[in-house]
A.B. asks: 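Just passing along the structure, written as structure tokens.
Values below: all heavy atoms of this structure, side chains included; hydrogens, waters and symmetry mates excluded. In this text, all values refer to a predicted model and were calculated from it rather than measured experimentally.
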Amino acid sequence: MPDDSPNSWEARAAANSFYGFTDLPTIAQRGTVVLTGGEGPYVTDVHGRRYLDANSGLWNMVAGFDHPGLTQAAKDQYDRFPGYHAFFGRMSDQTVLLSEKLIEVSPYSEGRVFYTNSGSEANDTLVKMLWFLNAHEGKPEKRKILTRKNGYHGVTAVSASMTGKPYNSVFGLPLPGFIHLTCPHYWREGQEGESEEAFVDRLVAELEETIATEGADTIAAFVAEPVMGAGGVIPAPMSYFNKIQPVLQKHGIPLISDEVICGFGRTGHAWGAEAYGFTPDAIISSKNLTAGFFPMGAIILGPELSDRLQKASESIEEFPHGFTASGHPVGCAIALKAIEVIMEGADGNPPLIDNVRRITPAFEAGLKRLAQKDNIGEARGMGLMGAVEAVQDKATKLPFPGSLSVSERIANACTDQGLICRPLGQAVVLCPPFIMTDDQMDEMFSKLETALDLVFDEVA
Ligand SMILES: *Cc1c(COP(=O)(O)O)cnc(C)c1O
């Protein structure tokens, strides 16, 4: 029960804060969880209640909520040089260092990086880059963007148009020229009797038909998350990208990997593209880039797109685009530290990506165990991103009626147990921080199981 006295944190939150992506009936009923701090993978609310955050904040707080190396990097940089831009031929030393580092850890031996404040802006920026360089190269019609249904690429007008979610229709989106192909989710989209390979071949054929119908000269890019995140943690079949990419290459369409979630270790690899064994033409990064300690996004252009964009910019003497805080020195200093912490090991500690690989088998085993329940249709994931999807009927994969709000109830039952996890469609998402111990992993699964049993008892 929420504390609904007018001076409660819950009432004050509701009075003056506008909520995004929040189920308002739940807020009316349960109140807002107002948080004051965190320790490791736990967060604490204003009533002193502690929650294990199985979603790493919003996928991004992978080093936990109190990492001393990251806060120190921020403090040191605030003392040295607390803010600057990257316009008019100036940028901070930290920006130079981070770009070098990002190319070093990227699949590219050379390339260039452009900074934004978020993943949405990074996708928006990428689209403007492509529109600009195609126009410069005499192909002003080459503007359409291919993405997949359920793909999530952000919320600005362009990146929301790339996002393949039905809720964007309330905004009159997508904009024209944003095309959503079939979601590569074999369990849900595979046809009766269709093998996984036949399913992939059908999606490749759909891509070929789409290119033929629309015209390759009208398509600027194919943008995809290696493992879909906000679409419900959907790993494409292993052969998917290796079959899609040659078709795109044949038609001169760049393949862009939206690595905002997958990048920097979430799948147990540096990049989701690496997990699938393909090299994209550019990478979109955000979220883990600063381990959530600073808002920042980046477009990492491989050598070809980088050269073409450079030429287009030289032709009009500039790339007329940028954000006031692009390449912010504090953000860059934090990102440099985060990359060290996750990928290389910092201050005598092993790299967090080692721990991701160490605990992934226990994570997968926990998901598999939950999948044995009568009302769990599928458990899926890769590395430390996973989801369990609730169904009313396991054999027919029939979902529960939307009116039952099953995944919302599961997430609420988890909150009551001191576990934060997120409802997504009919699924519940787990993407714990990379610092999780074995005991915390056990705690996460046992609390989730208690919540699932409670809710399935009520609705099944
Ligand atoms: C979160 C996310 C975005 C958008 O990032 P914001 O920082 O929220 O704008 C884009 N792409 C993917 C894959 C994401 O998960």
Side-chain angles (χ1 to χ4, degrees), residues 107 123 126-127 130 134 139 141-153 161-166 174 177-263 267 269 271-284 302 304-305 378 380-382 385 387 397:
N123 278 310
L126 169 91
V127 170
L130 294 169
N134 286 337
K139 293 183 174 167
E141 309 295 317
K142 200 168 167 65
R143 288 174 71 84
K144 291 175 193 162
I145 304 291
L146 305 181
T147 57
R148 288 92 44 84
K149 293 192 183 86
N150 274 324
Y152 185 85
H153 301 288
S161 296
M162 298 164 75
T163 292
K165 298 280 211 163
F178 289 81
I179 298 166
H180 302 142
L181 301 169
T182 299
C183 176
H185 188 189
Y186 177 57
W187 178 73
R188 198 37 99 190
E189 300 291 335
Q191 290 167 354
E192 190 74 37
E194 188 177 43
S195 71
E196 194 172 58
E197 276 324 293
F199 171 64
V200 172
D201 292 340
R202 181 157 61 81
L203 300 194
V204 173
E206 179 196 40
L207 174 65
E208 278 173 331
E209 280 158 31
T210 306
I211 295 171
T213 314
E214 303 288 336
D217 280 349
T218 72
I219 302 172
F222 179 96
V223 185
E225 302 156 89
V227 181
M228 284 184 182
V233 185
I234 300 168
M238 263 346 271
S239 65
Y240 175 81
F241 286 102
N242 286 322
K243 286 188 172 174
I244 290 275
Q245 193 170 31
V247 175
L248 296 170
Q249 281 167 341
K250 190 170 71 191
H251 293 287
I253 300 169
L255 168 58
I256 313 299
S257 193
D258 185 339
E259 299 267 0
V260 170
I261 286 175
C262 294
T267 67
H269 298 262
W271 307 105
E274 186 184 298
Y276 280 94
F278 75 97
T279 304
D281 295 287
I283 286 175
I284 304 297
E304 196 202 317
L305 285 180
E378 189 191 40
R380 54 181 181 259
M382 185 185 284
M385 56 196 294
K397 306 178 186 175

A.B. asks: Are the side chain of Glu189 and the backbone of Thr182 linked by a donor-acceptor contact shorter than 3.5 Å?
C.D. replies: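 Judged by distance alone, no pair lies under 3.5 Å.
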A.B. asks: How long is the span from the CG atom in Leu146 to the CD1 atom in Ile256, to the nearest 0.5 Å?
C.D. replies: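 Nearest 0.5 Å value for the CG-CD1 distance: 11.5 Å.
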A.B. asks: Could you state the interatomic distance from CG (Leu203) to NZ (Lys243), rounded to the nearest 0.5 Å?
C.D. replies: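 It comes to 10.0 Å.
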A.B. asks: What residues, two or more places apart in sequence or in another chain, satisfy side chain to side chain contact (heavy atoms under 4.5 Å, CB included) together with Arg202?
C.D. replies: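 If we apply the side chain to side chain contact (heavy atoms under 4.5 Å, CB included) test to Arg202, skipping adjacent residues, the hits are Gln191, Glu194, Phe199.
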A.B. asks: Could you go step by step and tell me if Glu259 and Glu274 meet the side chain to side chain contact (heavy atoms under 4.5 Å, CB included) rule?
C.D. replies: CA-CA 11 Å; Glu259 299 267 0; Glu274 186 184 298; over 6 Å; no
A.B. asks: Which atom pair, heavy atoms only, marks the closest approach of Gly229 to Ile261?
C.D. replies: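 Result for this residue pair: CA-CD1, 3.8 Å.
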A.B. asks: Counting N and O atoms only, with roles assigned by atom type, does the side chain of Glu214 sit under 3.5 Å from a partner on the main chain of Ile219, one being a donor and the other an acceptor?
C.D. replies: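 Not confirmed, Glu214 side chain does not pair with Ile219 backbone.
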A.B. asks: Roughly how far, to the nearest 0.5 Å, is CD of Glu304 from CG of Asp281?
C.D. replies: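 With rounding to 0.5 Å, CG (Asp281) is 6.5 Å from CD (Glu304).
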A.B. asks: Okay, side chain of Thr163, backbone of His153: is any donor-acceptor separation there less than 3.5 Å?
C.D. replies: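 Yes, because the side chain of Thr163 sits within donor-acceptor range (under 3.5 Å) of the backbone of His153.
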A.B. asks: Using a cut-off of 6.0 Å, state whether more than 12 heavy atoms not belonging to Lys139 lie near its atom NZ.
C.D. replies: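 At most 12 heavy atoms, drawn from other residues, nucleotides or ligands, come within 6.0 Å of this atom.
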A.B. asks: Would you give the length of the straight line joining atom CG of Asp217 to atom NZ of Lys144, rounded to the nearest 0.5 angstrom?
C.D. replies: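 Answer rounded to 0.5 Å: 10.5 Å.
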A.B. asks: Do Val260 and Tyr152 come close enough that some side-chain heavy atom pair is under 4.5 Å?
C.D. replies: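 Val260 does not reach Tyr152 side chain to side chain.
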A.B. asks: Please confirm whether the backbone N or O of Met162 pairs with a side-chain atom of Asn123, one donor and one acceptor, at under 3.5 Å?
C.D. replies: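 It does not hold such a pair.
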A.B. asks: Would you tell me whether Thr218 and Glu141 have side-chain atoms, one donor and one acceptor, within less than 3.5 Å of each other?
C.D. replies: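 Side-chain D/A pair, Thr218 to Glu141: absent.
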A.B. asks: What do the steps show when you test Tyr276 against Asn242 for side chain to side chain contact (heavy atoms under 4.5 Å, CB included), and what is the final call?
C.D. replies: CA-CA 8 Å; Tyr276 280 94; Asn242 286 322; 5.8 Å; no
A.B. asks: Show which side-chain atoms of residues 232-239 pair as donor or acceptor with protein atoms under 3.5 Å away, not counting sequence neighbours.
C.D. replies:
unit_1	atom_1	unit_2	atom_2	d
Ser239	OG	Glu197	OE1	2.9
Ser239	OG	Glu197	OE2	3.2

A.B. asks: I want to check something: taking the side chain as every heavy atom from C-beta on, are Met228 and Pro184 in contact at a cut-off of under 4.5 Å?
C.D. replies: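 A side-chain contact exists here, since the closest heavy-atom pair is under 4.5 Å.
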A.B. asks: Using atom types as modelled and distance alone, determine if a side-chain donor or acceptor of Lys397 lies under 3.5 Å from a backbone N or O of Glu378.
C.D. replies: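 No, the answer is negative, given that no donor and acceptor are paired below the 3.5 Å cut-off.
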A.B. asks: Considering non-hydrogen atoms only, spot the tightest contact between Lys142 and Asn134 and give its length.
C.D. replies: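 Looks like O-ND2, 2.8 Å.
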A.B. asks: Give me the atom names and distance for the closest heavy-atom approach of Leu130 to Ala220.
C.D. replies: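 So the minimum-distance heavy-atom pair works out to CD1-O, 3.9 Å.
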A.B. asks: Atom CD1 of Ile244 and atom CG of Leu207: how far apart are they, to the nearest 0.5 Å?
C.D. replies: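 Nearest 0.5 Å value for the CD1-CG distance: 5.0 Å.
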A.B. asks: Rounded to the nearest 0.5 Å, how far apart are CD1 of Ile179 and NZ of Lys149?
C.D. replies: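 Rounded to the nearest 0.5 Å, the CD1-NZ separation comes out at 11.0 Å.
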A.B. asks: Over all heavy atoms of both residues, which pair between Lys165 and Gly231 is shortest? Give the atoms and the distance, please.
C.D. replies: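 Shortest heavy-atom contact: NZ-CA, 3.7 Å.
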A.B. asks: Considering residues at least two apart in sequence or located in another chain, which fulfil the side chain to side chain contact (heavy atoms under 4.5 Å, CB included) criterion with Ala224?
C.D. replies: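 Partners of Ala224 under the side chain to side chain contact (heavy atoms under 4.5 Å, CB included) test: Arg148, Phe222, Phe241.
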A.B. asks: Taking it one step at a time, do Val223 and Ile145 satisfy side chain to side chain contact (heavy atoms under 4.5 Å, CB included)?
C.D. replies: CA-CA 7 Å; Val223 185; Ile145 304 291; 4.1 Å; yes
A.B. asks: Which heavy atom in Gly263 sits nearest to a heavy atom in Trp271, and how many Å separate them?
C.D. replies: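 Closest heavy-atom pair between Gly263 and Trp271: CA-CE3, 3.8 Å.
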A.B. asks: Evaluate side chain to side chain contact (heavy atoms under 4.5 Å, CB included) for Ile284 paired with Leu126, printing each intermediate quantity in order.
C.D. replies: CA-CA 8 Å; Ile284 304 297; Leu126 169 91; 3.9 Å; yes
A.B. asks: Testing the basics here: between Asn150 and Cys183, what is the closest heavy-atom pair and its distance to 0.1 Å?
C.D. replies: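 It is ND2-SG, 3.8 Å.
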